[in-house]
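Report on the structure given below.
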Amino acid sequence: MSLWEQWRPWIRQQRSLLRELILMLLAMLVVGVYFLEHFSAGLEQERKVQLQALAQQTARRVAEALASEDSISINLIGRETVQLKPVVGIRFDDTAGEQVGAAGEKTSPLRVTVPAALPDGELAGTLTLLGDNTLLPRKQIEAGFVLAVLCLLLLRVAAALIQQRLQPPQVLEEPDTPAPAAAPVPPQNDAPFPPIARSPVPDGAQLQAQLRLSIVNFDHIRQRYTDDALQEVLAEYQQLLEQVAALYDGHPGPAIGEQAGLYFYQGPASRAAFSALCAGLLFLRVVRLLAPQRKQAGKVSLEFKALVTADADQDEAWALCVAGVPGRLNVPDTQLTLAELDVKALYQPEKAQVVCAGDHRVRLQPVEQLAHRYQALLRTQAETLLSDDGGKVAPSK
């Protein structure tokens, strides 16, 4: 399984948070560029003003030395001036433009030239100051800005994670809503329905999807009850499975208690996988609602593990089904997107489990329920099956 396939379900689930983070990043990037440009322009202007004032002050000091051609004084003033923070170089020229002294660096894009005049106004020469044009202040501000942006993004992610921890999504129950007008893949009858006749398997048809069901603690149950009593219980659950199969055009495979399963041949693969998913969730829902009624009547109540896969390997499908969690329907993580189930079902990637299947590992994703638009139909079908079975279960809210 590639890294993209492992993270893709999580990315889909956190799509709104990722969009918000991207918008925050773009907004802060625009603000940062605007601020840095104005800061750079202001910093350059401030350096020029500061260098101009320092050049004029130094020119008054060195004017007499230039007029008397005192090279010792000129070089001494030059070395003292270069030690000042905004200056990286200095040059002294006489009235003929010839250099008579210099200190520090020779070139810099930031330079200021001022005349050096005696107190009576006579020109003694010129002074050129080379300023420090490094981008260190801007780099420091850029580093601080990037750190601030990262801190804001991390705080937003932390807030989202805390919110998810404190308020986990409630996906097991939803309020009653009318069935949508658009027809989904499953049948759209809201009224009680008789068993639907399954279409025969076309000659040469390939298995598109399968639903596998294993009984929890079946070996222990088999030791507690006689064969006749156990067969009666299995027959009741098998009858329920056949009713569910008839609703979704599934074809029964091995019976309950014998690596039970439903096979789906009608293409395309995404439609068959969705039918298998609906059948599995409907079967588990009815079994869960029947449990208290059966216990009250003194009957054995079974619990199941379920798996839906589009892989035709029946042995591996059964092994993955047995490795699942009781009461949950699992789908191999890679098939959620391949069979287009990730947009039709609700699930939580953090609850996925990794199991061994032969010489490789498979990540099983438990599906909590169907997407909201399919829930009304699934509740209606469960209530109808319970009514046909004679149970008295109130409508699921």
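Just so it is clear, the model here is predicted, and its values are computed rather than measured.
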Spacing of [atom1] belonging to [X] relative to [atom2] belonging to [Y], to within rounding of 0.5 Å:
{"X": "Gln52", "Y": "Gln57", "atom1": "CD", "atom2": "CD", "value": "12.5 Å"}
{"X": "Leu21", "Y": "Met24", "atom1": "CG", "atom2": "CE", "value": "6.5 Å"}
{"X": "Gln231", "Y": "Asp228", "atom1": "CD", "atom2": "CG", "value": "8.0 Å"}
{"X": "Ser214", "Y": "Glu303", "atom1": "OG", "atom2": "CD", "value": "10.0 Å"}
{"X": "Asn330", "Y": "Thr309", "atom1": "CG", "atom2": "OG1", "value": "11.0 Å"}
{"X": "Ser275", "Y": "Phe264", "atom1": "OG", "atom2": "CZ", "value": "6.0 Å"}

Inset, instruction - Group every Ile, Leu, Val, Met, Phe, Trp and Tyr by side-chain heavy-atom contacts under 4.5 Å, then state whether Val149 and Val31 land in the same group. - result: no
Inset, instruction - Consider only side-chain heavy atoms of I, L, V, M, F, W and Y, link residues closer than 4.5 Å, and tell whether Val308 and Val216 are in one cluster. - result: no
Residues forming a salt bridge (Lys or Arg N to Asp or Glu O under 4.0 Å) with [X], sequence neighbours excluded:
{"X": "Asp93", "result": "Arg91"}
{"X": "Glu46", "result": "none"}
{"X": "Arg79", "result": "none"}

Tell me who clusters with [X], hydrophobic residues only, linked when side chains sit under 4.5 Å apart either directly or through other members.
{"X": "Val62", "result": "Leu51, Leu54, Leu66, Ile74, Ile77, Val82, Leu84, Val87, Ile90, Phe92, Val100, Leu110, Val112, Val114, Leu127, Leu129"}
{"X": "Leu130", "result": "Val88"}
{"X": "Val322", "result": "Trp318"}
{"X": "Leu123", "result": "none"}

I need the minimum non-hydrogen distance between [X] and [Y], along with the two atoms involved.
{"X": "Pro332", "Y": "Leu307", "result": "CD-CD1, 4.1 Å"}
{"X": "Gln353", "Y": "Gly324", "result": "OE1-CA, 3.7 Å"}
{"X": "Asn75", "Y": "Ala102", "result": "OD1-N, 4.1 Å"}
{"X": "Val355", "Y": "Ala323", "result": "CG1-CB, 3.9 Å"}
{"X": "Gly32", "Y": "Phe145", "result": "CA-CZ, 3.4 Å"}
{"X": "Leu118", "Y": "Ala124", "result": "CG-CB, 4.4 Å"}

Is there side-chain contact between [X] and [Y], with at least one heavy-atom pair below 4.5 Å?
{"X": "Met28", "Y": "Leu153", "answer": "yes"}
{"X": "Leu25", "Y": "Leu29", "answer": "no"}
{"X": "Arg294", "Y": "Val233", "answer": "yes"}
{"X": "Glu316", "Y": "Val362", "answer": "yes"}
{"X": "Leu282", "Y": "Leu385", "answer": "yes"}
{"X": "Arg19", "Y": "Ser16", "answer": "yes"}
{"X": "Leu152", "Y": "Arg156", "answer": "no"}
{"X": "Leu230", "Y": "Val300", "answer": "no"}

Legend entry - Results of side chain to side chain donor-acceptor pair (under 3.5 Å) for Ser301 - residues two or more places apart only: none
Inset, instruction - Please name all residues satisfying side chain to side chain donor-acceptor pair (under 3.5 Å) with Arg60, sequence neighbours left out, ordered by chain then number. - result: none
Using modelled atom types and a 3.5 Å cut-off, is there a donor and acceptor pairing between side-chain atoms of [X] and backbone atoms of [Y]?
{"X": "Gln210", "Y": "Asp311", "answer": "yes"}
{"X": "Arg212", "Y": "Gln314", "answer": "yes"}
{"X": "Tyr237", "Y": "Ile256", "answer": "no"}

So with a 6.0 Å cut-off around [atom1] of [X], is the heavy-atom count from everything else above 12?
{"X": "Leu23", "atom1": "CG", "answer": "yes"}
{"X": "Gln99", "atom1": "CD", "answer": "yes"}
{"X": "Glu80", "atom1": "CD", "answer": "yes"}
{"X": "Lys85", "atom1": "NZ", "answer": "no"}

Inset, instruction - Give me the one residue out of Val287, Leu262, Val286 that meets side chain to side chain contact (heavy atoms under 4.5 Å, CB included) with Leu241. - result: Leu262
Inset, instruction - Using the test ring pair (Phe, Tyr, Trp, His ring centres under 6.0 Å), find all partners of His38 that sit at least two apart in sequence or belong to another chain. - result: Tyr34
Inset, instruction - Quick one: list whatever passes ring pair (Phe, Tyr, Trp, His ring centres under 6.0 Å) with Phe283, sequence neighbours left out. - result: Phe304
Legend entry - Any pair counted as side chain to side chain donor-acceptor pair (under 3.5 Å), so long as it reaches residues 108-127, sequence neighbours left out: Thr113-Thr128
